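This is a predicted model, so every value here is computed, not measured. Starting from 1, each residue takes its place in the sequence as its number.
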Amino acid sequence: INKKNVEHGLLLALPIICLILTFARASWISIIIITALYFLATKKVYFGKIIVISFLIAITIFSIIQTQPGFKKHFFNFDSWKGRFFLWQMSTQVIKDNWLTGIGLNQFRTQHLKYQYKILKNNPKLIQTYSPFAPVEEYVHNYFLQIFAETGIFGLLIFLYMLYLLGLRFTVLFKKA
């Protein structure tokens, strides 16, 4: 076992431990995608490693589902998507009204009730669907929408540019490795 394999193993194990502790569906999907991208980026496709890691992830998910009733209840509860969809609707309304400058950093939590009322008032059919999922929220639960709503188009473009630079940096590091 060489030092590089240990480092890579730790880099893959750390997010998996976080996944087990958070129960986040999007994180599970992300770790699967990141693992696949990792194997694609190494230029050598190790089908044996892919199969072993896929098997370990499947066993981990199955074990957690069988032993943790809270995980099963949360992981397969898709009602939370209704609440998120409603938050995303509110944030797109904020963006439509404030696309250039946004509403200000950390102001979604102070402004979203106004937009929530506006949406539900204009669409009474949505009240029954979304009212159980319309709590006081501080976040949009989507970084891109949150940044766009709070900082406007310029803030979003700066954020996207920073992600682009980060992607370039990782590409350079992968090519060196």
Side-chain angles (χ1 to χ4, degrees), residues 11-12 14-38 57-58 60-170:
L11 285 174
L12 288 173
L14 190 61
I16 291 173
I17 292 167
C18 292
L19 290 175
I20 293 168
L21 298 175
T22 62
F23 305 140
R25 289 179 294 254
S27 298
W28 283 95
I29 294 167
S30 296
I31 195 68
I32 291 167
I33 291 170
I34 288 169
T35 303
L37 290 174
Y38 168 77
I57 290 172
T60 303
I61 292 170
F62 181 75
S63 299
I64 292 170
I65 288 171
Q66 294 304 318
T67 60
Q68 301 293 324
F71 178 84
K72 190 174 187 176
K73 181 181 177 187
H74 174 76
F75 198 79
F76 294 105
N77 177 8
F78 294 102
D79 281 343
S80 66
W81 286 98
K82 290 180 184 176
R84 298 237 175 148
F85 181 71
F86 188 55
L87 287 168
W88 298 340
Q89 271 187 305
M90 283 189 284
S91 66
T92 56
Q93 190 63 47
V94 171
I95 291 166
K96 284 179 189 174
D97 292 348
N98 304 281
W99 67 273
L100 187 61
T101 60
I103 56 174
L105 285 176
N106 295 318
Q107 293 303 306
F108 180 78
R109 62 183 154 155
T110 63
Q111 297 292 316
H112 90 282
L113 288 175
K114 176 174 81 172
Y115 285 94
Q116 181 180 29
Y117 174 76
K118 186 177 176 181
I119 290 170
L120 294 176
K121 181 182 170 200
N122 293 335
N123 302 299
K125 295 177 190 173
L126 297 179
I127 291 174
Q128 190 168 3
T129 305
Y130 292 123
S131 60
F133 308 103
V136 175
E137 284 286 344
E138 294 187 23
Y139 308 104
V140 178
H141 295 280
N142 181 311
Y143 288 120
F144 300 100
L145 290 175
Q146 181 100 22
I147 289 169
F148 197 176
E150 291 184 348
T151 63
I153 188 70
F154 297 113
L156 178 66
L157 291 174
I158 290 169
F159 178 69
L160 292 173
Y161 183 68
M162 288 172 29
L163 288 178
Y164 171 74
L165 291 177
L166 187 64
L168 283 178
R169 181 74 175 146
F170 278 122

Who are the side chain to side chain donor-acceptor pair (under 3.5 Å) partners of Asp97, not counting sequence neighbours?
Tyr115, Lys118
Lys114 meets the salt bridge (charged side-chain N to carboxylate O under 4.0 Å, His left out) criterion, sequence neighbours left out, with none
Holding to side chain to side chain donor-acceptor pair (under 3.5 Å), I want the full list of residues that pass it with Thr101, two or more places apart in sequence or in another chain.
none
Trp99 and its side-chain contact (heavy atoms from CB on, under 4.5 Å) partner, picked from Ile153, Leu156, Val94:
Ile153
Would you give the length of the straight line joining atom OH of Tyr139 to atom CG of Asn106, rounded to the nearest 0.5 angstrom?
7.0 Å
For Trp88, is the CH2 atom crowded, meaning more than 12 foreign heavy atoms sit under 6.0 Å from it?
yes
With sequence neighbours left out, what residues match Phe159 under ring pair (Phe, Tyr, Trp, His ring centres under 6.0 Å)?
Phe144
To the nearest 0.5 Å, how far apart are CE in Met90 and CG in Leu120?
8.0 Å
Taking side-chain contact (heavy atoms from CB on, under 4.5 Å) as the test, write out the residues that go with Leu166, two or more places apart.
Phe170
Once side chain to side chain donor-acceptor pair (under 3.5 Å) is applied, what residue pairs with a partner in residues 144-154 remain, sequence neighbours excluded?
Gln146-Glu150
Compare every heavy atom of Ala149 with every heavy atom of Ser91, then report the nearest pair and how far apart it is.
O-CB, 4.3 Å
Looking at CG of Leu157 and CD1 of Ile147, how far apart are the two atoms once the value is rounded to the nearest 0.5 Å?
11.5 Å
If you measure from CG on Leu87 to OG1 on Thr92, what distance do you get to the nearest 0.5 Å?
10.5 Å
Which residues satisfy the ring pair (Phe, Tyr, Trp, His ring centres under 6.0 Å) test with Phe108, sequence neighbours excluded?
His112
So do the side chains of Asn142 and Phe148 get within less than 4.5 Å of each other, counting heavy atoms only?
no
State which residues pass side chain to side chain donor-acceptor pair (under 3.5 Å) with Gln89; sequence neighbours excluded, sorted by chain then number.
none
Separation of Leu165 CG from Leu160 CG (nearest 0.5 Å)
11.0 Å
